[in-house]
Amino acid sequence: MKRLLVVLALTVPVFADTALFSKYEAVRQGLLKNRLGDVQKNAAALAHDAEAAKLPAIAEFAQSVSVAKNLADARRSFGVLSEEMIKIRDTAGTPKPAVYHCPMVKKSWLQAKGKVGNPYDAAMATCGELKAE
């Protein structure tokens, strides 16, 4: 049984480290504040850490956000990044970030449970609903 647990631990992405979620949140905050420079810098840091954690899809999509030429491109790339982050959310330690969804743009994201902070459109910063705690 102990051997099986070790094998399972090695096959599940190591994501109990909340540093990746913290960097993702910093990207989301940059989008909320319409600060492309902050978005790019924090996305590059997330890409670096995701690469180190052997999460290539997250690293790739975070890198895409980091090189976005404008906020619209960054938001498009952030949508794909969010999909990947949501997939590995359950491997996180507690507390887990909540999943929110905006029905207007039909995209989801992660954030701490509380006041909605929609990163996809500055005009709809409070549009969204809690989907999973």
Side-chain angles (χ1 to χ4, degrees):
M1 181 66 157
K2 189 174 184 179
R3 188 175 191 190
L4 176 62
L5 291 175
V6 170
V7 170
L8 285 175
L10 293 174
T11 60
V12 174
V14 179
F15 207 62
D17 177 9
T18 58
L20 291 177
F21 282 118
S22 296
K23 288 187 172 69
Y24 170 89
E25 176 61 14
V27 174
R28 187 182 74 84
Q29 288 295 321
L31 290 170
L32 286 171
K33 296 173 185 170
N34 292 316
R35 294 186 178 154
L36 182 59
D38 290 350
V39 169
Q40 293 167 324
K41 176 184 74 165
N42 290 312
L46 174 58
H48 178 269
D49 286 5
E51 187 74 31
K54 299 192 182 344
L55 296 167
I58 291 173
E60 176 185 344
F61 296 126
Q63 182 64 27
S64 180
V65 174
S66 77
V67 298
K69 301 290 185 217
N70 54 53
L71 285 167
D73 289 347
R75 285 184 169 105
R76 271 190 294 280
S77 294
F78 184 79
V80 182
L81 172 61
S82 292
E83 289 172 16
E84 290 300 316
M85 293 290 288
I86 290 167
K87 287 178 187 176
I88 64 167
R89 171 185 169 265
D90 289 337
T91 65
T94 53
K96 291 179 186 159
V99 178
Y100 283 80
H101 179 78
C102 175
M104 302 297 285
V105 296
K106 297 177 178 61
K107 292 183 182 179
S108 297
W109 69 93
L110 298 172
Q111 71 171 66
K113 187 177 175 190
K115 183 180 175 188
V116 173
N118 183 338
Y120 296 112
D121 189 331
M124 298 188 308
T126 59
C127 177
E129 57 194 21
L130 179 64
K131 287 300 204 179
E133 291 185 47

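Note that the numbering runs from 1 along the sequence shown for the chain.
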Which atom pair, heavy atoms only, marks the closest approach of Leu130 to Lys113? CD2-CE, 3.8 Å

Correct closest heavy-atom pair for Val116 and Gly128 would be CG2-O, 3.7 Å

Roughly how far apart are Asp49 CG and Tyr24 OH, rounded to 0.5 Å? 16.0 Å

For the residue pair Ala59 and Ala50, what are the closest heavy atoms and their distance? N-CB, 3.6 Å

Are the side chains of Pro103 and Cys127 in touch, meaning some heavy atoms are under 4.5 Å apart? yes

Spacing of NE2 belonging to His101 relative to CG belonging to Asn118, to within rounding of 0.5 Å: 10.0 Å

Does Leu20 form a side-chain contact (heavy atoms from CB on, under 4.5 Å) with Ile58? I'd like the steps, not just the answer. CA-CA 10 Å; Leu20 291 177; Ile58 291 173; 5.8 Å; no

Is it the case that more than 12 heavy atoms not belonging to Glu51 sit under 6.0 Å from its CD atom? no

Any sub-3.5 Å donor-acceptor pair from Glu84's side-chain atoms to Phe61's backbone N or O? no

Answer with yes or no whether the hydrophobic clustering places Leu32 together with Phe21; edges join I, L, V, M, F, W, Y residues whose side-chain heavy atoms lie under 4.5 Å apart. no

Does the distance from a Lys or Arg side-chain N to an Asp or Glu carboxylate O, for Lys33 and Asp38, drop under 4.0 Å? no

For a quick test of reading the model, state the closest non-hydrogen atom pair linking Asn34 to Arg75 and the distance between them. OD1-NH2, 2.7 Å

If you look at every heavy atom in Val39 and Gly30, which pair is closest and at what distance? CG2-C, 3.4 Å

Do any N or O atoms from the side chain of Arg89 and from the backbone of Lys96 form a donor-acceptor pair under 3.5 angstrom? no

Whether over 12 other heavy atoms sit under 6.0 Å from Met124 CE: yes

The single option from Lys131, Met85, Glu133 that satisfies side-chain contact (heavy atoms from CB on, under 4.5 Å) with Val99 is Lys131

Looking at Arg76 and Ala68, would you say the former's side chain and the latter's main chain have a donor-acceptor pair under 3.5 Å? no

Whether Trp109 and Tyr120 hold their rings parallel, tilted or perpendicular, with breakpoints at 30° and 60°: perpendicular

